[in-house]
Amino acid sequence: MNLENGDNIEKWFDELVKPQSEVKKDSKETKVFLANGKMIRFDKVLSTKEFRESGNEAVLLIKHFDEETGKKRISCFDLSKENIIGYSVENDI
């Protein structure tokens, strides 16, 4: 499987880990809050998905457009790690 294209990576991940919950798609902005008080901000977000396994294990996938490279990217965060305390998603209602 070709993993260079962001769409193929997301398809591969979707097949590997079936989501138990999906949240907040088609957002404009997503923020990930770190335990050290810093924040990682994503603009031009195409989708945000949270995947949960049994227990407290959860992964956040953020599909976004990178203006520097002009390409779509997928950023992945392990929400069960202590250095990530949460995230927020801005949606149009």
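- The distance from atom NZ of Lys63 to atom OG of Ser75, rounded to the nearest 0.5 Å, is 12.5 Å.
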Test side-chain contact (heavy atoms from CB on, under 4.5 Å) on Ile40 and Leu34 and set out the steps. CA-CA 8 Å; Ile40 302 171; Leu34 306 178; 4.1 Å; yes
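- In terms of hydrophobic clustering, with Ile, Leu, Val, Met, Phe, Trp and Tyr side chains grouped at heavy-atom distances under 4.5 Å, Phe65 and Ile74 are assigned to different clusters.
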Any chance you could lay out the side-chain contact (heavy atoms from CB on, under 4.5 Å) test for Phe51 and Leu61, step after step, and finish with the verdict? CA-CA 8 Å; Phe51 296 90; Leu61 288 182; 3.5 Å; yes
Could you walk me through whether Ile84 and Asp78 pass the side-chain contact (heavy atoms from CB on, under 4.5 Å) check? CA-CA 8 Å; Ile84 298 177; Asp78 184 349; 5.6 Å; no
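- Between Glu29 and Arg41 there is a salt bridge, with a side-chain nitrogen of the basic residue lying less than 4.0 Å from a carboxylate oxygen of the acidic one.
- Below 30°, between 30° and 60°, or above 60°: for Phe42 and His64 the angle between ring planes is between 30° and 60°, a tilted geometry.
- Nearest approach of Glu50 to Ala58, heavy atoms of both residues: OE2-CB, 4.3 Å.
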Can you check side-chain contact (heavy atoms from CB on, under 4.5 Å) on Leu60 and Val32, steps first, answer last? CA-CA 10 Å; Leu60 179 68; Val32 178; 4.2 Å; yes
May I have the step-by-step check of salt bridge (Lys or Arg N to Asp or Glu O under 4.0 Å) for Asp66 and Arg73, ending in yes or no? CA-CA 7 Å; Asp66 186 349; Arg73 296 204 179 265; 2.8 Å; yes
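- When all heavy atoms are compared, the tightest approach of Cys76 to Val59 is SG-CG1, 3.3 Å.
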Please evaluate residues Lys44 and Glu67 with respect to the criterion salt bridge (Lys or Arg N to Asp or Glu O under 4.0 Å), reporting the C-alpha separation (whole Å), side-chain torsions for both, the decisive distance (0.1 Å), and the verdict. CA-CA 9 Å; Lys44 298 188 179 183; Glu67 289 183 349; 2.3 Å; yes
